[in-house]
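As structure tokens, the structure follows; a few thoughts come after it.
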Amino acid sequence: MCSNKVMSERPTSRLSGFYNQTLGERLATAATWADLSDADLAALRAGLSVEQADHMVENALGLFALPLGLGANFLVNGRNYLVPMAVEEPSVIAAVSNAARLARAGGGFQAGSSEPVMIGQVQLLDVPDPQQAAQAVLAAQQELAALIDPLHPSILRAGGGLRGVEVRHLPDTPVGPMTIVHLLLDCRDAMGANAINTAAEVAAPLLESLTGGRAKLRILSNLSDRRLAWATCQIPVSVFANRDMEGIEVARGIVEANAFAWADPYRAATHNKGIMNGIDPVAIATGNDWRALEAGAHAYAARDGQYRALTDWRVVAGGDEPALFGRIELPLAVGIVGGATKVHPTAQVALKILGVASARELSELMAAVGLAQNLSALRALAAEGIQRGHMALHARHVALAAGAPAELAEQVAARLIADGQIRTARAAEIVAEIWRENDD
Ligand code: MEV
């Protein structure tokens, strides 16, 4: 667990019926919960301006908007979180909020992280004596630190800097042997891509003279396995009981589903996609590089040579009853300073709602979100199947689009599903029917 957190008191994030509120009511709830200013609320509505976009990328034409919602009910390391998520896929936010609600029955999530150490790689070719080169590089760590640390005063001030050097030899590549130097840089609250790329470029000439080789690539590795985050939860199985199944049956189904994804890459890809359904939207909402996270997660999932599930689920003995225990671990190279986190006005508000004190705290929360998203998918797959939930949500959207007031949306959706016709015209008829019934 991160030690330098500011564990401020916050109201509960357990928001019952949040999804039934109007957009205006939800904004008011979020504003009160996270103490948002009028300017913050305006930023949520307006997002990035075209002028800002023009400064961010080349050849800018305009903006591409995504819905931003709040994942509710999260309790991580005893702290309440509302989680801003930018995502186009319906049901992701509802599903993760539901899983976070279930996890509260077991005290929420416990999460932790390693120090935020990024890896920069320098590729060295034509090294005459790889063994002697490795010794020379390892002996030069202080010299390398003296070169690299002054490049990043803000990282140094925050307590980061070069933490180590590693040398790997790749004896057999299509172009012959090569020596790879890893620079391990603690980036503190920055994601650190620029810092680590600069470090690799500045270190390359010294590495060439130490090894007698020719430096080519100088770039970070997105397999940031020195910057891991993990989360666990332990939930009494009775929480999973439904109309048709005992809680223990559902829990065993979740364990069986996880075993499938552990053993089969075809299933693991979908399983891990479901995890990233939760993690990517938080990365996008906070202005983090979600492609870097995707690359790191999938490479880490294949670290033993087979692509596997990033999670582990098992049934364990609990207090009064068995419990479902889940764990996730993955690289999560995220920052809360610099880059788009600083430039994007919505990312600033998202970070304010999260109230995280460090990049490590953000990564821990994101690990918990990934575990929750996976739990919601496996729970549905192990019980009623994924489509029922999707249909329920779709029917609710159709009901609202047909003009059903929020308080009738569930009822209209239920009738649409019972009819087997989820169409706007039918929804409008049902709304009229309900009004007539209420008048009688
Ligand atoms: C859909 O976006 C994600 C799921 O396919 C994940 C899974 O199968 O575990 C439901």
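Every number for a ligand or one of its atoms is a count from 1 in the order of the listing.
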Presence of salt bridge, Lys273 and Glu294, under 4.0 angstrom: no
Residue that, paired with Gln373, satisfies side-chain contact (heavy atoms from CB on, under 4.5 Å) out of Ile275, Asn277, Ile93: Asn277
N/O separation below 3.5 Å, Asn374 to ligand 1: no
Leu354 vs Pro84 side-chain heavy atoms within contact, under 4.5 Å: yes
Basic-acidic side-chain contact under 4.0 Å: Glu166, Arg226: yes
Glu89 neighbourhood, listing ligand 1 atoms whose heavy-atom distance to it stays under 4.0 Å: 1 (C), 2 (O)
Protein residue, atom and distance nearest to atom 10 (C) of ligand 1, heavy-atom basis: Ile386 CD1, 3.8 Å
Trp33 and Asn80 side chains, donor-acceptor separation under 3.5 Å: no
Numbering as shown, the atoms of ligand 1 that approach Thr270 to under 4.0 Å (heavy-atom distance): 5 (O), 6 (C), 7 (C), 8 (O), 9 (O)
Exercise check, heavy-atom protein proximity under 4.0 Å to atom 4 (C) of ligand 1: no
Atoms in ligand 1 flagged as close to His271, the criterion being non-hydrogen separation under 4.0 Å: 9 (O)
Over 12 foreign heavy atoms within 6.0 Å of CG, Asp38: no
Heavy-atom nearest neighbour in the protein, as seen from atom 8 (O) of ligand 1, with distance rounded to 0.1 Å: Arg267 NH1, 2.9 Å
Polar contact flag for Asn277 and ligand 1 (N/O pairs, less than 3.5 Å): yes
Atoms of ligand 1 close to Leu381 [distance to a heavy atom under 4.0 angstrom, numbered from 1]: 7 (C), 8 (O), 9 (O)
Charged N-O contact under 4.0 Å between Glu429 and Arg426: yes
